[in-house]
Amino acid sequence: MTKPAVNLEPALKWFAARGWTPFEFQREAWMSYLGGESGLVNAPTGTGKTLAVWMGPLIEAAIEGGVSGGSGVAEMATPSVKKRRGWRDGAEPLRVIWLTPLRALAADVQKALSAAAEGLGLRWNVELRTGDTSASLRAKQKERLPTCLITTPESLALMLSYADAAAKLGTLRAVVVDEWHELIGSKRGVQTELGLARLRTMNPGLRVWGLSATLGNLGQAMEVLLGSGGGGSGGGRLVRGEGRKAVDVETLIPADIERFPWAGHLGLRQLPGVLEKLEHGGKTTLLFTNTRSQTEIWFQSILRTRPDWIGQVALHHGSLDRGLRARVEEHLKAGTLRCVVCTSSLDLGVDFQPVDQVIQIGSPKGVARLLQRAGRSGHQPGMVSRVVCVPTNAMELVEFAGVRDAIAAGAIESKMPLRGALDVLVQHLVGVAAGGGFVERELLAEVRGTHAFGGITDEEWAWCVGFARGGGAAMGNYPQYARIVEGEDGVFRVASPMVARVYRLGVGTIVSDASMTVALVRGRRLGSIEEGFIARMAPGDVFTFAGRLLKLVRVREMTAYVEPAKRKSGRVPSWQGARMPLSVELSAAVRVKLDEASRGVFESAEMRSVEPLLRLQQRWSGLPGPGEILIELAATREGKHAFVYPLEGRLVHEGLAALLAYRLARLKPRSFSMAASDFGLELSSPDEFDAEDSTWRSALSTERLAEDLLACMNAAELARRQFREIARVAGLIIPGFPGQARSQRHVQASSELFFDVLSEFEPRNLLLDQARREVLERQLEFARLRRTLERIQGLRLLIVKTDRLTPFSFPLWADSLREQLSTEKWTDRVQRMRVVLESAANEPVVRRQRRSTKGALRADD
DNA sequence: GACCTGCTGCGGCTTG
C-alpha cells in the first residue's frame, strides 16, 4: 500500500561508491522504514541487523537535509527540504530512541551508531541514558535530549514520569527495540509495551522497529511489539535475514562410555578433553556452564591443572561485582584471554569478535539457548559459529543428539508474551500520573492498544485505578497508598511530589533475590552471595568465590567481610536460582531419539556412543518406543520406588510427582517421598507399588486436574511467596533508599504480611488472583502439565518391574539420596540441625506475630 | 560403582 516517500537509489549509489553492498534484507528494512512502516527484523547475530534498522532513520535524515555540508550524501536531500530546515549539525531534536535490555550493550551500540552516522556524513548526538549515566549528563539531558538516545525500558519509564515528558519526547520519529526476544516473555516486556503506547500517543506516526533472535513465534512477537495502535499503515513488516547462520555443533564424546557417569551434572570427568580444546581448539573460548557454582568449580579445576594459565583464564557470572565483570569483558574484547568460564551472563553481549570457540558444559536446556551461545563465536558475517558440547552424564549424550536434530529442523522455542500483569499496570498508572497526568478514558484506550492489556475489562481497569487511588479496600486508611488523585479538570495526577519520588525509586519489574554483599576487609567489593550460605558459616571458615579462596572474617549489616585464605580448598557457595526446565522443543527431540533407539536406530556419534547403555536399559527394563511411556517399579534398601519418564522437563515432573502421590494415597493411604529431573520422576514408599495398568491410568488422568494439583502443591503458600514480586512491582512495598541496604528477608516478611492482611480483609483483591495465576503458569507450568497428561492418555503404559536401578532410574535415585545424606562433616551437621531445631522451636512465636498484624507487633513475645 | 545443580536483567532522593 505505502509507497516509499523517497528514492533509495542515491543512498545505494553512495554506499556502492564506498565498496559496500547491503544485504537484501537490510534494503527491505530501510525501504519499509522510509515508507512509514513499523516492523521486526530477524537475522542471525553478526549479519548487520543493527545496521538494517539504524540506516532507515539515518537515510531519512540525510534525505531531509540533515547532513553536514558538502558530504557525500548531500545529493540525497531535495533542495526544498534543505531550505526548510534550520537545524545545525548535532543540534537536531530527539529523533530516535534505541531501547536495549542490557546496560552493558549501550556503550557498544553508541559506538556503532555514531560510526554509521559519521559514515553517512551526519553529526548526530548519540547519548546514553541508563542508571549509570552521570549526574552531569543527566542534568544536561533534562535541558535537552540528544538526537539519538540509547536507553533501557526502565529509564524510558522514568523519563515518562517527568512533567515535561510530552514536550521532550514529542519530536520522536522512531523507536528501535533491540533484543526484543529477551524482553517479550517477561514483565519488562509488558513495561516496554506500555511505554511504547505512551510514545505513540505523543507522536502519531511513530515507527517502532524490533530486532530479535529467532523465535518460534516471530509473527506474534512483532504483533506484541507494535500493538493494535501501531504497525503503521501496513500492520507491520517482518524482515528476515537471508540464510541461516552456519552453526557447527560438535560433542565431546567420552572416551569410555562404560566408565562414564550415569548421573551428575558437574562434568569434571571431561576436564582433560576440555583442556585439550582450550589449548588447540581456538585462541579465545567462552566456556558456558549452567550454574554459578559450577563456574567457580570449573575455573578452579582448570587452573589447578594448568597453573601456567593464571591470568589467561577468567570467570564471569551474575553474582560477581559489576566492576569485576566489566574488566573481564574488556580483556575479552581485547583478545588477551584464553578462556572465560561463564553462565548466561555472557549469553547476550557485545560483539566479542575475538571469541572463536564456544564450549557448553552440560544440558543446554533449550534449542534457542544453545544457538544463542554458539552465536557468541564467529560473530561476523560469513563466519561459522562453533560450539563444542560437553555431556556431564550419559543421558546428556541423547540430549545433544536431539538438539542437533532440532536445530536442523528449525524447531526453536517460542517466548510467550504476558497478559494481564496488573502489578505492572498499577506501576504505570502512577508513573503516567507523575508525568503530566492522565484522563481516565484516554489512557484506557491507549492501554487497550497494547497486547498485554488488550483484553482488560472495565472492572479490572477500574480496580487498578482505584488501587492506585486508595490502595484498595484493605489499605484505604493508609494515606501513603492514595497515590493518585483526580483533579477538578478530570486529570489524574500524583497526590504529592513524594509519590513521584517513591515511584522513581521503585521503577522496574526486576525483583532481586535475597543476597549479601561479599567484600574484602580492605574494602573492595567482590559480589554477592545468598544470606543463607553465609549464615551457615562461622568466622574463619573458608569458601570459594570470584575464583579465589576466601576466609570469612566478620559479618556486618548486609556485608560479609573476607580476606584471602591460605588453605587450598573450601566450600563452594550455591545460589538458589530459577530452575529452568528442559524446553518443550528439546524434550520432544529427546523423545524422538529414544524412539529411534528402541527401534535399534543409532545414527549420530552421540547415539552410537550411548548405545551400550541404552541396550542395557532395554535389557534390564525397557526402552519406550513410539506410542509408549515407561513406568519402572523397583526395590532398594531404602524402600520401594516407582519411576515415570514423561520427558517433559523438571517443573512438569515435580507437579506430576506431587499429583501422583496425592492420587495414589487417595486410593490407599500411605506416604511418599518424591524426586524429579528433566527426564522423569520418582516416588518412594515403604510399601509395594501397584503394577496395574488401571491404577496408573487413573492416577495420570486429566480429570479434576486443577483441583487435585492445587490441593497437593500447597498452592496457598506458593502464592504467598510469589506475592513478593507483585507487591514490589505494584508499589505496595517501598524499597530502601540507595545505599541503604535492607534485608531481603525483611522485604519477604512484609510482603507476606500484606498477603495475609489482603487475604483476610480484601479477598477479591486482583493482585492476589495474579499471584495464584503466576504460580500456576510459572512454577507449575500448568498448561504444559495438562498437555503432558493429554499426550499420555494416548500412550500405552509400559509398566516394568526391575530387579535393580537402571540407567534411567539411577540419576533420580542418586538425586533423592543426596537430599537425605550430607557430605559435610558430622559436627557441621549437628550444628546445623541445632539451628534448624532452634528456629523450629521459635516458629509459633513468629507466627503469632504475623497473625496479630491488626495492631502493632508485640515485641516482647 | 556410578552422585557436589539450579540463569539473566533494571532502577533510585536531596537542589544550590
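All of these numbers come straight from a predicted model, not from anything done at the bench. Order of the sequence lines fixes the chain letters, A, B, ..., with proteins taken first and strands second; residue numbering starts at 1 for each chain.
Salt-bridge formation is detected for the pair A:D132/A:R322: a Lys NZ or Arg NE/NH1/NH2 atom is positioned less than 4.0 Å from an Asp or Glu carboxylate oxygen.
Residue side chain A:S344 reaches the base of B:dC7 through a donor-acceptor N/O pair under 3.5 Å, judged by distance alone.
Here the C1' atom of nucleotide B:dG9 and the CD1 atom of A:I510 are 4 Å apart, to the nearest Å. The distance from atom CG of A:L102 to atom C1' of B:dC10 is 10 Å, rounded to the nearest whole Å. The CG-P distance, from A:L613 to B:dA2, rounds to 16 Å in whole Å. The OH atom of A:Y162 sits 9 Å away from the C1' atom of B:dG12 (whole-angstrom rounding). In this structure, CG of A:L505 is placed 5 Å from C1' of B:dG12, rounded to the nearest angstrom. One interatomic measurement links the two molecules: NE2 of A:H265 to P of B:dA2, which rounds to 16 Å at whole-angstrom precision. Remark: P of B:dC7 and CG of A:L287 are 16 Å apart, rounded to the nearest angstrom. One interatomic measurement links the two molecules: CD of A:E296 to P of B:dC7, which rounds to 12 Å at whole-angstrom precision.
OP1 or OP2 of B:dG12 has at least one side-chain nitrogen or oxygen of A:R138 nearer than 4.0 Å. For the OP1/OP2 pair of B:dC10 and a distance below 4.0 Å, the side-chain nitrogens and oxygens of A:T509 include no atom meeting the criterion. Between A:R504 and B:dG12 there is no side-chain polar atom (N or O) within less than 4.0 angstrom of OP1 or OP2. Between B:dT8 and A:R188, no contact under 4.0 Å exists linking OP1 or OP2 to a side-chain N or O. For A:R103 and B:dG11, the shortest distance from a side-chain N or O to OP1 or OP2 is below 4.0 Å. Contact between the side-chain N/O atoms of A:T152 and the OP1/OP2 oxygens of B:dG9 is not found at any separation under 4.0 Å. The shortest distance between the side-chain N/O atoms of A:S155 and the OP1/OP2 oxygens of B:dG11 is below 4.0 Å. The side chain of A:R369 contributes no N or O atom lying less than 4.0 Å from OP1 or OP2 of B:dC7.
In this structure, A:R129 reaches the sugar-phosphate backbone alone: every heavy-atom distance under 4.0 Å involves primed, P, OP1 or OP2 atoms, never a base. Residue-level contact check: A:T130 touches the backbone only, with heavy atoms under 4.0 Å from sugar-phosphate atoms and none from bases. At the heavy-atom level, A:L158 lies under 4.0 Å from the strands shown only through sugar-phosphate atoms. Residue contacts for A:T291: at a heavy-atom cut-off of 4.0 Å it reaches a base atom on one of the strands shown. Counting any heavy atom pair closer than 4.0 Å across all strands shown, A:F260 reaches no nucleic acid atom. Backbone-only contact: A:R269 has heavy atoms under 4.0 Å from sugar-phosphate atoms and none from a base. Note on A:R804: nothing from the nucleic acid sits closer than 4.0 angstrom, heavy atoms only.
With sequence neighbours excluded, no residue forms a ring-ring contact (aromatic ring centres under 6.0 Å, His included) with A:F679. Every side chain to side chain contact (heavy atoms under 4.5 Å, CB included) that A:S136 has, sequence neighbours left out, goes to A:S134.
Comparing B:dC7, B:dC3, B:dA2 against the side chain of A:A814 picks out B:dC3 as the nearest. Of all nucleotides listed (B:dC4, B:dA2, B:dC7), B:dC7 comes nearest to the side chain of A:T343. Which of B:dT15, B:dC3, B:dC4 sits closest to the side chain of A:I297 comes down to B:dC4. Set against B:dT8, B:dC3, B:dG11, the side chain of A:E154 has B:dG11 as its closest nucleotide.
Aromatic ring pairs are classed by plane angle as parallel below 30°, tilted from 30° to 60° and perpendicular above 60°; the pair A:W813 and A:F810 is tilted.
Of the two residues contacting DNA chain B, namely A:S345 and A:V507, the nearest-nucleotide position lying further toward the 5' end is that of A:S345. The residue among A:V572 and A:G318 whose nearest nucleotide of DNA chain B lies closer to the 5′ end is A:V572.
Between the side chains of A:E413 and A:S583, a donor-acceptor pair is found at a separation under 3.5 Å. A:R373 and A:S344 share a side-chain donor-acceptor pair at under 3.5 Å.
Note that A:R548 lies outside the cation-pi zone of A:F299, set by a 6.0 Å cut-off to the ring centre and a 45° limit from the axis.
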